**Student:** 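Can you read through this structure? Questions will come right after.
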Number of protein chains: 2
Amino acid sequence: MAPQEHGDKSKQMNTKEKIILASLDLFNENGERNVTTNHIAAHLGISPGNLYYHFRNKTDIIYEIFLQYQMLVDHYLQAPTGRQLTVEDQFAYLEAVFDGLWSYRFFHRELEHYLESDPRLRDGYQSFTQRCLESICSILERLEKASILKPQSEDDRRTFALNAWLIVTSWMSYLKTAAGSDAHLIRKETLKQGIYQVVSLELPFVNESVLDKVQRLRQAYRPSI
Amino acid sequence: MAPQEHGDKSKQMNTKEKIILASLDLFNENGERNVTTNHIAAHLGISPGNLYYHFRNKTDIIYEIFLQYQMLVDHYLQAPTGRQLTVEDQFAYLEAVFDGLWSYRFFHRELEHYLESDPRLRDGYQSFTQRCLESICSILERLEKASILKPQSEDDRRTFALNAWLIVTSWMSYLKTAAGSDAHLIRKETLKQGIYQVVSLELPFVNESVLDKVQRLRQAYRPSI
DNA sequence: AACAATCTAGAGTATATACTCTAACTCATA
DNA sequence: TATGAGTTAGAGTATATACTCTAGATTGTT
């Protein structure tokens with residue numbers, strides 16, 4: 001009788017949490033534009049009235065999902081290791097980020113529309129991006145200190161971080177629109193092929209001593225097409 | 001009394017062309033999701049019936065706009081110079097592409113949704129992208145032959161072209177969502193700051209002999225923030 | 001002038017969707 | 001057991017929007 005697919009957890013969740021999870025699932029699967037509040041309620045087997053008891057409107061649902069997304073990515077990017085970074089660390093960062101991107105993959109799709117209709121989200125997302133760019137910069141710095149990347153100027157680092165961010169956040173859209181794959185056939189593994197692109201970006205700045213290693217690890221993510 | 005802002009041209013245009021132009025303007029300005037067919041008709045001072053005499057549905061309007069966009073970009077990218085490429089040529093290519101991107105800036109915003117609801121567009125856009133990537137690759141090849149870029153393997157060239165494409169097509173979205181600027185304050189010049197990012201991408205592959213020149217030209221597009 | 005093809009007006013419709021309202025149920029605690 | 005806060009059901013509403021239908025206007029051709 002459990003109308004949602006979140007298995008064991010759902011028994012311990014309250015309605016509000018269930019709504020958020022179901023919405024995320026449906027948004028990811030069908031695109032937010034195609035998912036109505038009535039759909040969400042029906043999917044959970046609850047009434048629209050119940051849904052609107054917990055959320056004033058649809059935008060509020062999206063906002064709460066954003067807060068979770070933000071927390072996740074912040075956590076991934078800010079996690080300090082307490083030691084010198086390794087090449088493996090760097091791939092782990094990328095894996096983590098693409099993992100988060102996958103779990104909330106609906107978000108970047110109609111982002112502009114959300115920001116237009118919710119000032120909280122607009123401000124929140126703006127500082128979120130800046131924070132991410134900062135984090136990427138400091139990771140780059142630590143990679144330089146660990147002699148993995150060649151030293152760069154602060155400016156070049158920022159430009160590089162931005163390019164990496166652009167590639168990461170647009171990779172999903174590229175797969176869905178330009179690549180041959182059918183929209184529903186994109187799997188988490190396919191998404192992670194974006195790692196290949198990002199690593200390619202930094203290849204010219206990798207120190208000779210670890211270049212072979214980086215290139216070997218990079219091959220694992222090589223896009224199949 | 002002229003309801004559209006296309007000046008002189010409009011007098012010689014038939015209704016169908018007027019609808020396309022007005023739609024493009026309104027889509028660019030307000031986002032396609034916020035522009036209804038009734039809005040378009042009202043904006044032109046024609047009846048909805050008239051609009052639907054010329055277009056079976058809204059998707060058809062978008063499709064025709066795509067065809068124009070496609071023609072424009074194809075033309076920009078495939079234009080051969082008949083001589084060896086120069087550094088200036090390369091910046092001209094970038095200028096042209098960003099120009100096209102600006103004129104049809106609504107398009108990439110809800111692209112996924114369009115492709116979902118129009119198979120023609122899906123197939124058309126997919127081959128359009130592949131064609132663009134091919135064109136970029138051949139431009140890169142010619143830049144190598146002109147000793148502007150260091151020689152690369154076919155594979156590396158493809159990867160590089162894809163990264164460039166990702167940055168180009170996502171720059172507008174970045175400006176609207178993450179950068180401090182207000183959505184309506186983005187001008188064509190701001191968009192062209194994306195050129196800075198793309199050129200930064202290729203900097204490691206630029207031959208010493210022209211490096212200074214490239215860097216000097218690049219400075220003109222440096223993002224203000 | 002007569003006719004047909006093309007074009008246009010504008011009221012109208014079917015449907016979707018975000019959201020509301022009230023009554024009723026649950027359940028812990030006094 | 002009574003009370004009351006918190007929660008839920010479900011019918012219902014207001015509005016938007018893509019699109020239709022028919023009657024009439026315009027235009028070009030013989």
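Residue numbering restarts at 1 for every chain, and letters A, B, ... go by the order of the sequence lines. Every value quoted in this text rests on a predicted model; they were computed, and no experiment measured them. The analysis underlying the following values was restricted to heavy atoms, covering all of them including side chains, and did not include hydrogens, waters or symmetry mates.
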**Student:** In this structure, how many angstroms lie between the C1' atom of dT26(D) and the CG atom of Asn50(B), rounded?
**Tutor:** 12 Å

**Student:** With a distance cut-off below 6.0 Å to the six-membered ring centre and an angular limit of 45° from the axis, does Lys16(A) pair with Phe55(A) as a cation-pi contact?
**Tutor:** yes

**Student:** Is the distance from the ring center of Phe205(A) to that of Phe160(A) below 6.0 Å?
**Tutor:** yes

**Student:** Would Tyr196(B) and Tyr221(B) count as a close aromatic pair, with their ring centres under 6.0 Å?
**Tutor:** no

**Student:** Can you tell me if Ser200(B) and Arg218(B) form a side-chain donor-acceptor pair at under 3.5 Å?
**Tutor:** yes

**Student:** Could you tell me how far apart Ile19(A) (CD1) and dT7(D) (P) are, to the nearest whole angstrom?
**Tutor:** 11 Å

**Student:** Glu32(A) vs Lys58(A), test: salt bridge (Lys or Arg N to Asp or Glu O under 4.0 Å). Steps then yes/no.
**Tutor:** CA-CA 10 Å; Glu32(A) 179 270 346; Lys58(A) 199 181 177 186; 3.1 Å; yes

**Student:** Side chains of Ile46(B) and Ile19(B), heavy atoms from C-beta outward: is any pair under 4.5 Å?
**Tutor:** yes

**Student:** What is the distance, rounded to the nearest whole Å, between atom CD1 of Ile40(A) and atom C1' of dT8(D)?
**Tutor:** 17 Å

**Student:** For chain A and DNA chain C, what are the first and last nucleotides along the strand, 5' to 3', with at least one atom under 4.0 angstrom from a heavy atom of the protein chain?
**Tutor:** dT17(C) to dC21(C)

**Student:** At under 4.0 Å between heavy atoms, what does Ile46(A) touch on the DNA or RNA strands: base, sugar-phosphate, or nothing?
**Tutor:** sugar-phosphate

**Student:** Does a side-chain N or O from Ser47(A) land closer than 4.0 Å to OP1 or OP2 of dG10(D), or not?
**Tutor:** no

**Student:** Measure the distance from CG on Leu51(B) to C1' on dC21(D) and round it to the nearest whole Å.
**Tutor:** 16 Å

**Student:** State the NE2-CZ distance between His113(B) and Arg33(B), to the nearest 0.5 angstrom.
**Tutor:** 8.0 Å

**Student:** Exactly one of Tyr104(B), Phe27(B), Phe107(B), Phe106(B) should register a ring-ring contact (aromatic ring centres under 6.0 Å, His included) with Phe66(B). Which one does?
**Tutor:** Phe107(B)

**Student:** In residues 29-39 of chain A, which ones come under 4.0 Å of DNA chain C, going by heavy atoms?
**Tutor:** Thr36(A), Thr37(A), Asn38(A)

**Student:** Determine whether the side chains of Tyr125(B) and Thr177(A) contain a donor N or O and an acceptor N or O closer than 3.5 Å.
**Tutor:** no

**Student:** Tell me: CG of Asn14(B) to P of dT27(D), nearest whole Å?
**Tutor:** 14 Å

**Student:** If I take atom OH in residue Tyr53(B) and atom C1' in nucleotide dA23(D), what distance separates them, rounded to the nearest angstrom?
**Tutor:** 15 Å

